[in-house]
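Worksheet for the structure shown next.
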Amino acid sequence: MNQGPPRIFDRRALSLHRERASRFSDNGPLIQEATTGIADRLSAINRQFIDGYVIDTLDTAMQILEANARYWSYATLGATEGLPLHDMSFDLVLSVLSLHAVNDLPGVLAQARRLLRPDGLFIAALFGGETLTELRQSLSAAELAINHGVSPRVAPFGDVRDLGGLLQRAGFALPVADIERTVIRYGAFSTLVNDLRAMGETNALFERSRKPMSRVMLAATAESYARHFADPDGKLRATFDIVYLTGWAPHESQQKPLKPASATVRLADALGTTEVPTGEKPGQ
């Protein structure tokens, strides 16, 4: 019996967090960085897109994307999960820091692929890798010391290689996954928390504790963070890895990989090196 995708995130809580974030006048530097990263990737493509679809994002991101609107003539804002049912409706689909918080990422990527017309482009920026590793470790240490156990508080983030594999699985051609790391230094733990609230990135895990974090727990987390992840000047480090996913809807005009054994030039000749057969050591 098909049980459907796992319930990793509480969609209602996530929606409330995003709604609260929409009231912030500034959603923080990472929204701008991710959106600019998408705009930079678009600028490298010499093409005008007609219809763009932006998967569930914040106003700050939309403002930056609209500033780069020469790349498309029309954009529709839509939900993160349960995308429009009409296949081949758009030639550009974008997502800014939202896909790391979906319950069925393979399914959403497959939907995004079906939305695209042939030779349409998909670009997404999402948190991955070691994002918030310092906060995860500090929360765990504090909760172990106080409650003698750990509850889910920081979302899991995908590995860049796994995310690239999901692009292929969804049927995208020419898939590319790359990662850019940003380390932000905060003067106070509360500033980090405020930035996460402004992005709508506070805890929305389905298995989270429903009890508000106590002041004792919060103080212990801040103390652990400062003890293990502060620079000599007292500033606190916070790691954010943004993974960029790029893929195209297949089209006959796209470059195709060579068939095995079809190369006409030996790699060793191209590199100016001596070929060593497998199992034979150099110099033997």
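Computed from a prediction, not measured in an experiment: that's the story for all the values here. Numbers here simply count residues along the sequence, with the first being 1.
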Subject >> L192 side chain near L236 side chain, heavy-atom distance below 4.5 Å >> reply: no
Original post:
At their closest point, which heavy atom of L167 faces which heavy atom of L109, and how far apart are they?
Top reply: N-CD1, 4.3 Å
Original post:
In this structure, are over 12 heavy atoms from other groups packed under 6.0 Å from R227 atom CZ?
Top reply: yes
Original post:
Does a side-chain heavy-atom distance below 4.5 Å link P175 with L245?
Top reply: no
Subject >> Donor-acceptor contact present, side-chain D231 to main-chain D233, <3.5 Å >> reply: no
Original post:
Looking only at heavy atoms, what is the nearest atom pair of R208 and L205, with distance?
Top reply: NH1-O, 3.0 Å
Original post:
With a 4.5 Å heavy-atom cut-off, do S43 and I45 have their side chains touching?
Top reply: no
Subject >> Between CG on residue L174 and CD on residue Q254, distance to nearest 0.5 Å >> reply: 5.0 Å
Subject >> Shared hydrophobic cluster, V150 / V216 (ILVMFWY, side-chain heavy atoms < 4.5 Å) >> reply: no
Original post:
So, the side chain of H100 versus the backbone of F127: is there a donor-acceptor pair under 3.5 Å, distance only?
Top reply: yes
**OP:** Would you indicate whether M88, at its atom CE, is surrounded by more than 12 heavy atoms from other residues, nucleotides or ligands within a distance under 6.0 Å?
**Re:** no
**OP:** Kindly give the heavy-atom pair with the smallest separation between G164 and A177, and that separation in Å.
**Re:** CA-CB, 3.8 Å
Subject >> From L144 atom CG to S224 atom OG, the distance as rounded to the nearest 0.5 Å >> reply: 10.0 Å
Original post:
Just wondering, are more than 12 heavy atoms of other shown residues or ligands nearer than 6.0 Å to CZ in R185?
Top reply: yes
Original post:
Between the main-chain N or O of D51 and the side-chain N or O of D91, is there a donor-acceptor pair closer than 3.5 Å?
Top reply: yes
Subject >> N103 (side chain) donor-acceptor with I8 (main chain) under 3.5 angstrom >> reply: yes
**OP:** Might you work through the side chain to side chain contact (heavy atoms under 4.5 Å, CB included) test for F240 and L132, ending with a clear yes or no?
**Re:** CA-CA 6 Å; F240 296 91; L132 293 175; 3.7 Å; yes
Original post:
Yes or no on side chain to side chain contact (heavy atoms under 4.5 Å, CB included) for Q111 and I55, after CA distance, side-chain angles and deciding distance?
Top reply: CA-CA 11 Å; Q111 291 180 65; I55 299 174; over 6 Å; no
Subject >> Expected output: side-chain D195 to main-chain G28 donor-acceptor under 3.5 Å >> reply: no
Subject >> Verify same cluster id: F49, V54 (apolar side-chain graph, 4.5 Å) >> reply: yes
**OP:** Working to the nearest 0.5 Å, report the span between CG of L196 and OG1 of T202.
**Re:** 7.5 Å
Original post:
Under 3.5 Å, is there a donor-acceptor pair between the side chain of Y53 and the main chain of S95?
Top reply: no
Subject >> same_hphob_cluster(M213, V154) at 4.5 Å side-chain heavy-atom cutoff >> reply: yes
Original post:
Which word best sums up how the rings of F122 and F172 line up, parallel for under 30°, tilted for 30 to 60°, or perpendicular for over 60°?
Top reply: parallel
Original post:
Between E143 and S151, is there a donor-acceptor pair closer than 3.5 Å when you use the side chain of the first and the backbone of the second?
Top reply: yes
Subject >> Linked, directly or transitively: I242 and L94 (ILVMFWY side chains, under 4.5 Å) >> reply: yes
Original post:
What do the steps show when you test D178 against R41 for side chain to side chain contact (heavy atoms under 4.5 Å, CB included), and what is the final call?
Top reply: CA-CA 12 Å; D178 62 284; R41 284 159 175 78; 2.6 Å; yes
Original post:
Would the number of heavy atoms belonging to other residues, nucleotides or ligands and lying under 6.0 Å from CZ of R7 be above 12?
Top reply: no
**OP:** Might you point out which heavy atoms bring A170 and R113 nearest each other, and give the distance in Å?
**Re:** O-CG, 3.3 Å
Original post:
Going by heavy atoms in the side chains, are S138 and F229 under 4.5 Å from each other?
Top reply: yes
Original post:
How about L163 and I179: do any of their side-chain heavy atoms sit closer than 4.5 Å?
Top reply: no
Original post:
Mind checking whether D40 and T36 have side chains closer than 4.5 Å, heavy atoms only?
Top reply: yes
Original post:
Applying the 4.5 Å side-chain criterion to the ILVMFWY set and letting contacts propagate, would V176 and I123 be lumped into a single cluster?
Top reply: no
Original post:
What distance do T221 atom OG1 and L135 atom CG have between them, rounded to the nearest 0.5 Å?
Top reply: 7.5 Å
Original post:
Minimum heavy-atom separation for L121 to L42, with atom names?
Top reply: CD2-CD2, 4.0 Å
Original post:
Can you tell me if S98 and R18 form a side-chain donor-acceptor pair at under 3.5 Å?
Top reply: no
**OP:** Given side chain to side chain contact (heavy atoms under 4.5 Å, CB included), test F189 with L218 step by step and report yes or no.
**Re:** CA-CA 10 Å; F189 182 74; L218 185 61; 3.7 Å; yes
**OP:** Using a 4.5 Å cut-off on heavy atoms from C-beta on, say whether the side chain of W248 contacts that of D119.
**Re:** yes
Original post:
Distance from L116 atom CG to H251 atom NE2, nearest 0.5 Å?
Top reply: 13.0 Å
Original post:
For the side chain of D10 and the backbone of N203, is there at least one donor-acceptor N/O pair under 3.5 Å apart?
Top reply: no
**OP:** Measure from the side-chain N and O atoms of R136 to the backbone N and O of A155, and report whether any donor-acceptor pair falls under 3.5 Å.
**Re:** yes
Original post:
F24 versus N194: any side-chain heavy-atom pair under 4.5 Å?
Top reply: no
Original post:
How close do L14 and G200 get, heavy atom to heavy atom, and via which atoms?
Top reply: CD1-O, 4.1 Å
Original post:
Any ion pair linking R153 and E207 (charged N to carboxylate O, less than 4.0 Å)?
Top reply: no
Original post:
Hey, does the Lys NZ or Arg CZ of R210 hover above the aromatic six-ring of F206, less than 6.0 Å from the centre and inside 45° of the axis?
Top reply: yes
Original post:
Would you say the side-chain atoms of S15 and E19 include a donor-acceptor pair closer than 3.5 Å?
Top reply: no
Subject >> Positive for side chain to side chain donor-acceptor pair (under 3.5 Å) with R181, one of T131, D241, T239 >> reply: D241
Original post:
Looking at CD1 of I38 and OH of Y244, how far apart are the two atoms once the value is rounded to the nearest 0.5 Å?
Top reply: 7.0 Å
